[in-house]
Protein chains: 2
Amino acid sequence: MSDVPPKTAFSPPDDSPPGPAPSEPPLGFVLVDAARLYRARIDRAFEGAGLGLTAGEARTLAYVDYHPGLRQTALAEKMNVEPMTLVGFLDRLEAAGLLVRETDPRDRRAKIVKLTPEATPSIAGVLAAAAAARREATCGFSETEQALLRDLLLRLRDNLAREHRSRDEK
Amino acid sequence: MSDVPPKTAFSPPDDSPPGPAPSEPPLGFVLVDAARLYRARIDRAFEGAGLGLTAGEARTLAYVDYHPGLRQTALAEKMNVEPMTLVGFLDRLEAAGLLVRETDPRDRRAKIVKLTPEATPSIAGVLAAAAAARREATCGFSETEQALLRDLLLRLRDNLAREHRSRDEK
DNA sequence: AATTATAATAAGCTATCCTTACATTCAAGC
DNA sequence: GCTTGAATGTAAGGATAGCTTATTATAATT
């Protein structure tokens, strides 16, 4: 340890552009790094809790809990994943008996996703594991900082989601 | 469109707990969401730039640029990935002629990673693409907010990295 | 000399996405 | 009615990015 110089600067000896600072370890790298470690931490928490859920499945479960009765397309849109990605998660969760797909009476093509009563303990476990991971990750953060981080990330996510959506609207 | 209410809040019509707020869309979910969208955005940027690099490869390249002459294990540790994960990235980057692995004269088991001159334009491309993605992602952010986000993420990452490391130290 | 530890790697697995193609079903025009 | 077109979910298949376990070559230790 102690090998990281306190003042980081990508591309060390040459030009430092005039403008508003090029942000040294590019923000995206830090973000992707943090997310990978976070996901690994969560996966381990779920594994240890014996929930039999992966991060993606847990995320799906939480979304269905918050938005019950949505169609799959709508749910996928909320989660910012492709419908086909969601199918896999739902398949496994349905096989585990944690949710059901009911045909929408108003459109027999569509299916409505609902949690079963059996899901309740899993939801609790997911939230508990998420909370434990969050506590570790935000060790040393004040309440304010934690809230700030979440707000900034939400804004960032919405920026990217908007652009993402407008792209395949063609 | 227009189904996402501007004020986000998990669990809408019911209880708003008394305490320090349980952080509504669990922070980790927001983080993982944001990172996934970010990575997709970056992948697309690299693809469009004709660099022939994936996000992981680009990240490796940037790390080698910033920490030249490191051994693979040290580099992997800096990147917070397993040595074996790094090998794949290095294989492809070396095959592309962007870097070389030289045997460390002080330990013939070890290899030292260095960029080739051919890497220079790729590095520039990587940084440019990263900057473009960052500009989109942080649209509407002030300079201060951007710096704040990076700092918070760095702290979060270090929290998780420390815990991660202490885990397999056994 | 023998043992143990370390650096890189080979092999193989998993999760999480994606894209493309297709069946069903609905909605609208004729 | 029928036909056309769009939308819903899904099957199939692929790519990336990680991981774990085991192997080989070299170093360090005893």
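Below, read A as the first sequence line, B as the second, and so on, with proteins coming before strands; counting in each chain starts at 1.
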Subject >> Stepwise salt bridge (charged side-chain N to carboxylate O under 4.0 Å, His left out) check, D158(B) with R155(B) >> reply: CA-CA 5 Å; D158(B) 289 346; R155(B) 280 168 59 195; over 6 Å; no
**OP:** Would you indicate which nucleotide in dC19(D), dC26(C), dT10(D) comes nearest to any side-chain atom of R108(A)?
**Re:** dC26(C)
Original post:
Has the side chain of R109(B) got a donor or acceptor that lies under 3.5 Å from a partner of the other kind on the base of dT6(C)?
Top reply: yes
Original post:
Looking for any heavy atom pair under 4.0 Å, which part of the strands does A55(B) touch: base, sugar-phosphate only, or nothing?
Top reply: sugar-phosphate
Original post:
Considering only side-chain heavy atoms of V87(B), which listed nucleotide, dT26(D), dT9(C), dC26(C), is closest?
Top reply: dT9(C)
Original post:
Toward the 5' end of DNA chain C, which comes first, T54(A) or K111(B), by nearest nucleotide?
Top reply: K111(B)
**OP:** Ignoring backbone atoms, establish whether R92(B) has a side-chain N or O less than 4.0 Å from OP1 or OP2 of dA17(D).
**Re:** yes
**OP:** Using only side-chain N and O atoms of R106(B), determine if any of them is under 4.0 Å from OP1 or OP2 of dT6(C).
**Re:** no
**OP:** Find the distance E82(B):CD to dC19(D):C1' and express it as a whole number of Å.
**Re:** 7 Å
Original post:
Would you find a donor on one side and an acceptor on the other, under 3.5 Å apart, between the side chain of R41(A) and the backbone of A137(A)?
Top reply: no
Original post:
With a 4.5 Å limit on heavy-atom distance, are the side chains of E136(A) and N159(B) in contact?
Top reply: no
Original post:
Any idea which of dT16(C), dT9(C), dG9(D) is nearest the F89(A) side chain?
Top reply: dT16(C)
Subject >> Selected nucleotide, minimal atom distance to M84(B) side chain, candidates dC18(C), dG9(D), dC19(D) >> reply: dC19(D)
Original post:
Between R36(A) and D104(B), who's closer to the 5' end of DNA chain D by nearest nucleotide?
Top reply: R36(A)
Subject >> Passing candidate, salt bridge (Lys or Arg N to Asp or Glu O under 4.0 Å) with D104(B), options R109(B), K111(B), K114(B), R71(B) >> reply: R71(B)
Original post:
Does R39(B) make a side-chain N or O approach to OP1 or OP2 of dC17(C) shorter than 4.0 Å?
Top reply: no
Subject >> Hphob cluster co-occupancy, V126(B) + V30(A), side-chain heavy atoms under 4.5 angstrom >> reply: yes
Original post:
Taking the side chain of A110(B) as heavy atoms from C-beta outward, which of dA11(D), dA7(C), dC18(C) is closest to it?
Top reply: dA7(C)
Original post:
Taking only side-chain nitrogens and oxygens of T73(B), does any of them come within less than 4.0 Å of OP1 or OP2 of dT6(C)?
Top reply: no
